[in-house]
Amino acid sequence: MAVLAIGLPEAARRTGRFSRAAASAWAVRQWALWSRTLAPLRPLDAPRGRATAWDASWPLKQELVSVRRARQLVTAQLVDWAVPDLGDTAELLVSELVTNALRHTRGPLRLNLRLRDSDLLCEVEDIESTGPVRNIAGPDSEGGRGTELLDLLANAWGSVRTATGKSVWFALHRPDGSAGSEQVRVTPW
């Protein structure tokens with residue numbers, strides 16, 4: 001019974017008495033939390049879900065050619081969405097995220113793009129739970145400037161733990177404020 005008492009109202013935990021209805025409600029809440037957490041699980045070697053007009057997702061393999069493929073996919077998708085003005089910046093930042101994922105993780109990756117109003121959200125998912133580490137690169141260093149590039153070029157960026165690992169994302173805002181969709185603004189992060 002002590003295991004069931006975790007998460008029950010304070011009065012029920014103190015007295016050790018709780019009604020069947022309270023236990024049932026607690027179980028329903030726990031089931032809802034777990035099912036919401038585990039329901040969207042899809043292996044990273046598959047797209048996140050069915051592609052829509054303003055969402056796209058592609059699995060990437062743990063190969064060096066995945067960086068080039070990711071750049072090509074982003075550029076082609078932005079042209080298809082009629083927002084090529086974000087192409088150069090998005091291509092550079094996606095290249096950084098995929099390169100870092102290939103360098104510091106193992107296993108499959110997934111590239112996700114979303115266009116909402118005037119915001120482009122790009123995510124790279126992998127199976128490692130540890131987030132990016134900020135390094136101070138010296139002037140002669142050949143690497144270690146990925147987070148600096150994200151700071152300089154993206155409007156926002158971050159890392160979020162997921163049920164399968166983590167997702168490193170960045171957002172770009174169109175300078176003119178226009179977008180290819182007339183959808184209601186949804187903030188994905």
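Keep in mind the model is a prediction, meaning the values are calculated, not measured. Positions are given from 1, in the same order as the sequence printed here.
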Exercise. What are the two closest non-hydrogen atoms of Ala154 and Leu172, and how far apart are they?
Worked result: CA-CD2, 3.8 Å

Problem set entry | Candidate pair Val124 and Trp169, rule side-chain contact (heavy atoms from CB on, under 4.5 Å), full reasoning | CA-CA 6 Å; Val124 175; Trp169 60 270; over 6 Å; no

Seminar exercise, completed: The side chain to side chain contact (heavy atoms under 4.5 Å, CB included) partners of Ser159 (sequence neighbours excluded) come to Pro132, Lys166, Val168

Problem set entry | Sub-4.5 Å side-chain heavy-atom contact between Leu109 and Gln62 | yes

Problem set entry | Non-hydrogen side-chain atoms of Asp117 and Asp119 separated by less than 4.5 Å | no

Exercise. Any chance the side chains of Asn155 and His173 put a donor and an acceptor closer than 3.5 Å?
Worked result: no

Seminar exercise, completed: Result for side-chain contact (heavy atoms from CB on, under 4.5 Å) between Val98 and one of Val67, Leu93, Val74, Asp126 points to Val67

Exercise. Are Val79 and Leu121 co-members of a hydrophobic cluster defined by side-chain heavy atoms under 4.5 Å apart?
Worked result: no

For this session: Would you please say whether a donor-acceptor pair under 3.5 Å links the side chains of Trp157 and Asp151?
Result: yes

Exercise. More than 12 non-hydrogen atoms from neighbouring residues, nucleotides or ligands closer than 6.0 Å to CG on Asp88, yes or no?
Worked result: no

Exercise. Would a distance-only check, ignoring hydrogens and angles, find a side-chain to backbone donor-acceptor pair under 3.5 Å from Glu123 to Ser57?
Worked result: no

Problem set entry | Shortest non-hydrogen separation from Leu102 to Leu64 and the atoms involved | CD1-CA, 4.3 Å

Problem set entry | Sub-4.5 Å side-chain heavy-atom contact between Leu111 and Cys122 | yes

For this session: Using a 4.5 Å cut-off on heavy atoms from C-beta on, say whether the side chain of Asn100 contacts that of Thr105.
Result: no

Problem set entry | Over 12 foreign heavy atoms within 6.0 Å of CG, Leu152 | yes

For this session: Find out whether Phe170 and Leu153 are in side-chain contact, i.e. whether some heavy atom of one side chain is under 4.5 Å from a heavy atom of the other.
Result: no

Seminar exercise, completed: Correct closest heavy-atom pair for Arg174 and Val83 would be NH1-CG1, 3.1 Å

Problem set entry | Intermediate values then yes/no, side-chain contact (heavy atoms from CB on, under 4.5 Å), Trp54 and Arg116 | CA-CA 7 Å; Trp54 307 106; Arg116 297 288 188 267; 3.6 Å; yes

Problem set entry | Side-chain (Ser129) to main-chain (Gly165) donor-acceptor, under 3.5 angstrom | no

Seminar exercise, completed: Between Ala70 and Leu60, the two heavy atoms sitting closest are CB-CD1, 4.1 Å

Exercise. Which side chain to side chain donor-acceptor pair (under 3.5 Å) pairs, counting each pair once, include a residue from residues 67-79, with sequence neighbours left out?
Worked result: Arg71-Ser95, Thr75-Glu91

Seminar exercise, completed: What one should report as the nearest heavy-atom pair of Asp55 and Arg114 is OD1-CG, 2.9 Å

